[in-house]
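Before any comments, here is the structure.
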Amino acid sequence: MSTIRLTLPDGSVREAAAGITGGEVARDIGPGLARAAIAARVDGEVYDLDRPIETDAEFAILTEKDPEALTVLRHSTAHILATAVRELFPGAGIGFGPAIANGFYYDFEVPRPFTPDDLETLEDKMREVAARDDPFVREVVTRAEADDRFADDPLKLERIAEFAADEIISVYTDGPFTDLCRGPHMPGTGRLKHFKLLSTAGAYWRGNENRQMLQRIYGTAWFKKDDLEAHLHQLEEARKRDHRVLGKQLDLYSIQETVGPGLVFWHPKGAMIKFLLSRYVEDDNLACGYDLVYTPNITREELFKISGHLPLYEAVQYPPMAAGAGEAEEVRYRVKPMNCPMHALVYKSQQRSYRDLPLRLSEVANVYRDEKSGTLHGLLRVRGLCMDDAHIFCTLDQAEDEIFLCLDQVDRIIRQTFGFRLQFELSTRPEHRLGNDETWDKAEDILRQALGRKGIEFDEDVGGGAFYGPKIDIRFEDAIGRLWQGPTIQLDFQLPERLDLEYTGSDNQPHRPVMIHRAIYGTLERFIGNLIEHFAGAFPLWLAPEQVRVIPIADAQAEAARAVADRLKAAGIRVHLDDRGETLNYRIREAEVNKIPYMAIVGQREADAGTVAVRTRGAGKKQDIIPVEEFEAQLREQVASKALVPYGDTG
RNA sequence: GCCGGUGUAGCUCAGUGGUAGAGCACCUCACUCGUAAUGAGGUGGCCGUCGGUUCGAUCCCGACCACCGGCUCCA
């Protein structure tokens, strides 16, 4: 028998007989490690403890501390869920059951959907399975054996049929249940203690809406009870930040059944935020050399035929309306789902010279998309949306500078102003595409150059670009670590072609410009939804719909308080005077609950001294007693600099 | 669109086959207060919509509408 060399994380090398298992190595090292061991990492791949190691390798024992171990735990928990389902629902088809972020799911084909009661019963059954402490046993099987073992489960047979000829097929058994599975798994079911089933959902087999619908169960699992509880608490916290809950509490917006799903009513406070965001990006656009345009909301359908959107995009376009009363012939009109053809028509409205380029046209515009009903979600997925849209018309040679400018704007606005962390992804040519490879080479190169020049690290989604050009997608991460789809910057060769856009070059010949589509916020609806959750409703001063609430302690100071409010109002501060006959405590609480950045409290001492007692949102009793003019100056400064204070989770 | 769940006052929710309740909010009165809910009284609901079962439906059944959780992070 040959000897292999295992290099441990501390650099030491152990020699062992080929075929030794990770569990045996752990036992050799020490009983403590053997008890703690969950799996082994062999040359980067995670092995079960009882899987033989045949060659020299970098070797490590994984314990609860290793992130990979958590994945193993969750995957194994998914298996005991399947074990429980098979015991309670004999004959259930077994789909896929992977570990996912924070937990796992498993898909089943069962005669009737699971109920919330089923989840409790299944969870109890899972605890029984765990109590049995059955080992997870790995076997490698041939394709024929696999077909035989899973003969009664068509879902598994379908997967088996897809294995490449040389692929290793493994199965895992815990007690009565055997599953086709890549693994790895925990040593036994007894280690699975802190889990909870969370929800059920329908899920199409293999995510394909033309296939049958399976029943999915989601759950979470952790090594420690505290971790499980912390995670459940975190879910609760995220729920408190939910923009739909806060949007109602803070009276920012509503969506009303009488008008229709996905159509947003911005109430005064939400509308103020939308206005401030629009003004901010428009000011920034102007400073960056964009021109503003306003274009129609509806158009003859013909335009979308010419632009090529109609056949491709029709699923989300509202159906046409007939118009043209009194005219000889009725014409079909469409509400616009995007602005690009409109902006292209502005470009086309006159002859363009190379001296006009780049031409940057921007518009904060409403567009409408008939999104599938099941996908609508608060402000994050709507049917009537307001885009901060812009299109840059330029030569291919100018494109790099223009992209650079876009990246600069994204960085300034999304990262610096709002405090989001950014992630970039470059999507390159897809299989089905327009234009020759030479142009694609150049276009992709342009995007890479611009990213590089800005010093941005990025991932590549090979083949993920649009058929008309490559793009940069930007995701941003909010205050509690969630990722959101953010701005996109796309190069487009097709639309200039389809709309026959031209400019006259210095050679006095006609040339085709390229178009760059870009949005900074994306849509105001989604972005405001993100901001609500990011700030937990506690907006920074410059964005807060109400910035200061002035509160006289008693009626005797009402006039002095009014004078303070008037003064701040004259300084452009959004201020509200709360001189109602409620108790001081009541009014302070209400301002706090409404997440007003500052309270300016005026008692007799302040009225006499020309000061205010400033109470900052979330700071409790701590207050600053300062002259009114000093308060005003501070407010002005914070608004002007768009300071991210005061904000925080005020609970 | 598809699967499941839910729909009762402005909000959060309880409840029953015999035409409905709480807290908060709102209104009135009293209190004029030094940093997170003063007290008392009062207004307010076609129990999502339409149909069916029933002597009788908010409750049971069906359809529709809306909302909520999901619909590959691949064995």
Side-chain angles (χ1 to χ4, degrees), chain A residues 71 74-75 78-79 94-107 110 112-116 118-119 146 150 153 155-163 167-172 179-183 198-218 239 242 244-245 248-249 251 254-258 260-262 315 370-378 551-558 579-594 599 601-606 613-615 617-623 625 650-651:
Chain A
T71 303
R74 288 169 179 161
H75 190 184
H79 270 239
I94 306 290
F96 294 168
I100 56 174
N102 295 322
F104 60 90
Y105 68 77
Y106 219 119
D107 289 342
V110 281
R112 68 160 177 86
F114 299 113
T115 65
D118 290 336
L119 288 193
F150 298 99
D153 199 332
L155 303 181
K156 292 292 176 190
L157 290 177
E158 181 177 330
R159 180 65 187 91
I160 292 164
E162 290 170 6
F163 281 114
E167 219 164 332
I168 293 171
I169 302 177
S170 56
V171 302
Y172 281 79
D179 197 3
L180 178 73
C181 179
R182 183 178 48 192
L198 296 174
S199 59
T200 63
Y204 295 107
W205 172 230
R206 320 212 77 168
N208 181 344
E209 61 187 340
N210 299 315
R211 303 295 302 270
Q212 73 267 41
M213 182 158 275
L214 307 182
Q215 296 303 318
R216 174 169 298 180
I217 295 175
Y218 281 95
R239 215 179 55 77
D242 189 317
R244 293 164 302 181
V245 175
K248 191 172 276 179
Q249 266 169 24
D251 193 23
S254 62
I255 293 174
Q256 303 191 26
E257 196 170 337
T258 5
D370 189 19
E371 300 284 355
K372 286 197 278 186
S373 63
T375 63
L376 300 177
H377 183 91
I551 302 176
I553 287 178
D555 283 352
Q557 298 93 41
D579 58 357
R580 292 175 302 169
E582 302 290 349
T583 61
L584 179 63
N585 277 340
Y586 182 91
R587 288 175 292 158
I588 286 174
R589 179 171 194 280
E590 195 172 86
E592 203 68 71
V593 166
N594 284 303
M599 283 174 247
I601 296 170
V602 181
Q604 199 53 51
R605 292 199 294 273
E606 288 77 20
V614 177
R615 182 178 162 133
R617 176 181 61 202
K621 286 185 198 299
K622 184 172 169 296
Q623 63 175 351
I625 296 172
T650 59

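A, B, ... follow the sequence lines: proteins, then strands. Residue 1 opens every chain.
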message = Within the 4.0 Å heavy-atom criterion, would you say A:Tyr218 contacts the bases, only the backbone, or no part of the nucleic acid?
response = sugar-phosphate
task = Could you tell me whether A:Glu371 contacts a base, only the sugar-phosphate backbone, or nothing, with contacts defined as non-hydrogen atoms closer than 4.0 Å?
result = nothing
message = Using the side chain to side chain contact (heavy atoms under 4.5 Å, CB included) criterion, which residues pair with A:Glu582? Sequence neighbours excluded.
response = A:Arg580, A:Tyr586, A:Arg587
request  = Rounded to the nearest angstrom, tell me the gap between atom NZ in A:Lys248 and atom C1' in B:rG10.
outcome  = 10 Å
task = Remember a base hit wins even if backbone is also touched, and classify A:Gln623 as base, sugar-phosphate or nothing at under 4.0 Å, heavy atoms.
result = base
task = Determine the contact category for A:Thr115: base if any of its heavy atoms lies under 4.0 Å from a base atom, sugar-phosphate if only primed atoms, P, OP1 or OP2 are that close, otherwise nothing.
result = nothing
task = Could you check A:Glu606 against A:Pro113 and say which one's nearest nucleotide on RNA chain B is further toward the 5' end?
result = A:Pro113
query = Where is the tightest heavy-atom contact between A:Ile94 and A:Lys156, given as atom of each residue plus distance?
reply = O-CE, 3.3 Å
ask   = Within less than 4.0 Å of OP1 or OP2 of B:rG69, is there a side-chain N or O belonging to A:His377?
value = yes
task = Have a look at A:Gln604 and say if it touches a base, only the backbone sugar-phosphate, or nothing, with a 4.0 Å heavy-atom cut-off.
result = base
remark   = Nearest heavy-atom contact between A:Thr71 and A:Ala99 is O-CB, 3.5 Å
request  = Check every strand shown and say whether A:Arg615 touches a base, only sugar-phosphate, or nothing at a heavy-atom separation below 4.0 Å.
outcome  = base
message = Taking any heavy-atom pair under 4.0 Å as a contact, classify A:Ala613: base, sugar-phosphate, or nothing.
response = base
query = Between atom CG of A:Asp107 and atom CZ of A:Arg206, what is the distance when rounded to the nearest 0.5 Å?
reply = 11.0 Å
Straight-line distance of A:Phe150 CZ to A:Ile169 CD1, nearest 0.5 Å = 10.0 Å
query = Which of these, A:Phe163, A:Phe96, A:Tyr172, sits in a side-chain contact (heavy atoms from CB on, under 4.5 Å) with A:Leu180?
reply = A:Phe163
request  = Just call it for A:Ala203: base, sugar-phosphate, or nothing, with non-hydrogen atoms closer than 4.0 Å on any strand.
outcome  = sugar-phosphate
ask   = Within the structure shown, what part of the strands sits under 4.0 Å from A:Ile625 by heavy-atom distance: base, sugar-phosphate, or nothing?
value = nothing
message = If we ignore hydrogens and angles and just use 3.5 Å, is the side chain of A:Gln557 paired with the main-chain N or O of A:Ala554 as donor and acceptor?
response = yes
inquiry  = What contact category does A:Lys372 fall into here, base, sugar-phosphate, or nothing, at under 4.0 angstrom with non-hydrogen atoms?
reply    = base
ask   = Looking at OH of A:Tyr105 and CD1 of A:Ile100, how far apart are the two atoms once the value is rounded to the nearest 0.5 Å?
value = 7.0 Å
note = Sorted by position of nearest nucleotide on RNA chain B, 5' first, the leading residue of A:Met213 and A:Pro98 is A:Met213
Secondary-structure stems, RNA chain B, at least 3 Watson-Crick or G-U base pairs under 3.5 Å = B:1-7 with B:65-71, B:10-13 with B:21-24, B:26-30 with B:38-42, B:48-52 with B:60-64
Donor-acceptor contact below 3.5 Å, side chain A:Asp118 vs main chain A:Thr115 = yes
request  = Considering just the side-chain nitrogens and oxygens of A:Arg244, establish if one lies under 4.0 Å of OP1 or OP2 belonging to B:rG69.
outcome  = yes
Contacts under 3.5 Å, N or O only, protein and nucleotides 37-45 of chain B:
unit_1: B:rA37; atom_1: N7; unit_2: A:Arg589; atom_2: NE; d: 3.0
unit_1: B:rA37; atom_1: N7; unit_2: A:Arg589; atom_2: NH2; d: 3.4
unit_1: B:rA37; atom_1: N6; unit_2: A:Arg589; atom_2: NH2; d: 2.7
unit_1: B:rU38; atom_1: OP1; unit_2: A:Thr583; atom_2: OG1; d: 3.2
unit_1: B:rU38; atom_1: OP2; unit_2: A:Thr583; atom_2: OG1; d: 2.9

